Amino acid sequence: IRRQRQMCIRDSFISCNDARYNFDNEFDPENLGLDPPTIFFHPAEMSLTIGDTDSLELYCYEIDSVAGAHLQIAFDSEVIEIDTVKYGDFFMNGNNAPIMFTDKGEEEGFLNIYLFYEPSLASVSASGTKSMAKVVFTVKDEGLAPLIYTPETVFRNPDNNTINLNTYGEGSINATQ
């Protein structure tokens, strides 16, 4: 019996099989059908009711050497009202927060966000896949509010050259009573 117990203990610690994980989260950038480098909204679709306050994040996906960006988002200002814009992790340089300016453009229905990477001796740009900004908004009226990055959206490298993006993700907010 003692030998059987030793064999059972030994066999439970030794394994030749690797763990298998299923990476099928529909919100992972790889599963959104986007061709990097690109930008997208997360979540891409939201269903809310009038009076709700919620947020969405503006993400970049596999963008390299970004020193600054102008994000212009068209939205239906009759359906949603922009409350606050907070910077995300993408433009952070260690403990240095990015420089950010916003124009909520309530009358025109355009949100303008200007983000700049604060360089250091060790780093002059940001790269990768992360949240650039978080937009907090309130639902004012019912309707479908599309969220679209306009052609005014631009990314620049440290030499002030435009970084071309392959696709622009779209989003929407479905507001009901």
Side-chain angles (χ1 to χ4, degrees), residues 24-63 66-118 125-156 162-163 165-177:
D24 62 353
N25 184 333
E26 64 181 293
F27 299 113
D28 285 342
E30 300 85 13
N31 297 329
L32 294 175
L34 300 172
D35 183 23
T38 188
I39 53 178
F40 63 95
F41 299 95
H42 179 70
E45 298 177 357
M46 302 176 79
S47 292
L48 302 167
T49 58
I50 295 173
D52 285 350
T53 297
D54 209 330
S55 65
L56 60 89
E57 295 192 71
L58 313 178
Y59 265 84
C60 59
Y61 175 36
E62 292 186 15
I63 299 181
V66 182
H70 169 210
L71 309 174
Q72 186 179 69
I73 298 149
F75 67 97
D76 188 336
S77 60
E78 297 293 318
V79 177
I80 63 171
E81 178 180 345
I82 306 298
D83 297 326
T84 309
V85 179
K86 302 173 183 177
Y87 59 82
D89 291 335
F90 182 72
F91 284 95
M92 290 291 294
N93 183 1
N95 291 329
N96 294 335
I99 299 166
M100 183 177 79
F101 303 99
T102 61
D103 173 14
K104 296 180 191 173
E106 294 295 324
E107 293 81 34
E108 305 90 30
F110 293 99
L111 170 61
N112 290 287
I113 304 170
Y114 301 89
L115 287 158
F116 302 95
Y117 188 83
E118 191 170 335
S125 64
S127 296
T129 301
K130 288 186 180 174
S131 172
M132 298 175 288
K134 182 176 189 174
V135 179
V136 179
F137 61 91
T138 301
V139 178
K140 297 184 344 182
D141 200 359
E142 64 183 332
L144 183 64
L147 302 167
I148 300 168
Y149 287 104
T150 74
E152 296 297 313
T153 296
V154 65
F155 287 76
R156 300 281 183 173
T162 300
I163 297 170
L165 302 178
N166 290 328
T167 55
Y168 294 79
E170 295 183 356
S172 64
I173 298 168
N174 183 23
T176 58
Q177 284 203 324

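Since the model is a prediction, treat every value here as computed from it, not as a measurement.
- Separation of atoms CE (M132) and CG (L115) is listed at 7.5 Å; rounding is to 0.5 Å.
- Partners of E142 by side chain to side chain contact (heavy atoms under 4.5 Å, CB included), not counting sequence neighbours, listed by chain and number: I50, Q177.
- Side-chain atoms of T53 never come within 3.5 Å of backbone atoms of T138 as a donor-acceptor pair (strictly under, hydrogens ignored).
- Listed by chain and number, the residues in a side chain to side chain contact (heavy atoms under 4.5 Å, CB included) with N112 are H70, Q72, D103, F110, Y114 (sequence neighbours excluded).
- Listed by chain and number, the residues in a side chain to side chain contact (heavy atoms under 4.5 Å, CB included) with S47 are N174 (sequence neighbours excluded).
- Residues L56 and P43 have side chains in contact (heavy-atom distance under 4.5 Å, counting atoms from C-beta outward).
- Using a 4.5 Å heavy-atom threshold, the side chains of L147 and I80 count as touching.
- For the atom pair E108 CD and S77 OG, the distance stands at 8.5 Å (nearest 0.5 Å).
- The side-chain heavy atoms of L58 and F41, taken from C-beta on, include a pair separated by under 4.5 Å.
- Checked against side-chain hydrogen bond (donor to acceptor under 3.5 Å, both in side chains), T84 has no partners two or more places apart in sequence or in another chain.
- Y149 and Y168 have tilted rings, their planes meeting at an angle from 30° to 60° on a 0 to 90° scale.
- To the nearest 0.5 angstrom, I73 atom CD1 is 7.5 Å from I82 atom CD1.
- Using a 4.5 Å cut-off on side-chain heavy atoms (C-beta onward), C60 and I39 make contact.
- Across L144 and S172, no two heavy atoms sit closer than the pair CD1-CB, 4.0 Å.
- With rounding to the nearest 0.5 angstrom, the CD atom of E170 is 10.5 Å from the CG atom of L34.
- Looking at residues two or more places apart in sequence or on another chain, you find a side-chain hydrogen bond (donor to acceptor under 3.5 Å, both in side chains) between T38 and T167.
- Here Y61 contributes atom OH and K130 contributes atom NZ; the two are 16.0 Å apart, rounded to the nearest 0.5 Å.
- T176 meets the side-chain hydrogen bond (donor to acceptor under 3.5 Å, both in side chains) test with no other residue; sequence neighbours excluded.
- Contact between V79 and G143 at its shortest, heavy atoms only, is CG1-O, 4.0 Å.
- The nearest pair of heavy atoms linking P36 to E62 is CG-OE1, 3.5 Å.
- Applying the side chain to side chain contact (heavy atoms under 4.5 Å, CB included) criterion to P146, with sequence neighbours excluded, gives I148.
- F137 places a side-chain heavy atom less than 4.5 Å from the side chain of I173.
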Using residues 85-102 as the side-chain source, report each donor-acceptor pair under 3.5 Å to any protein atom, sequence neighbours left out, with the distance given to one decimal.
{"unit_1": "N93", "atom_1": "OD1", "unit_2": "Y117", "atom_2": "OH", "d": "3.2"}
{"unit_1": "N93", "atom_1": "ND2", "unit_2": "E118", "atom_2": "O", "d": "2.8"}
{"unit_1": "N93", "atom_1": "ND2", "unit_2": "S120", "atom_2": "OG", "d": "3.3"}

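- For the pair S55 and V135, the minimum side-chain heavy-atom distance is 4.5 Å or more.
- The minimum heavy-atom distance between A145 and D76, with the atom names listed, is CB-CB, 4.0 Å.
- Every residue two or more places apart in sequence or in another chain that forms a side-chain hydrogen bond (donor to acceptor under 3.5 Å, both in side chains) with S127 is listed here: D64.
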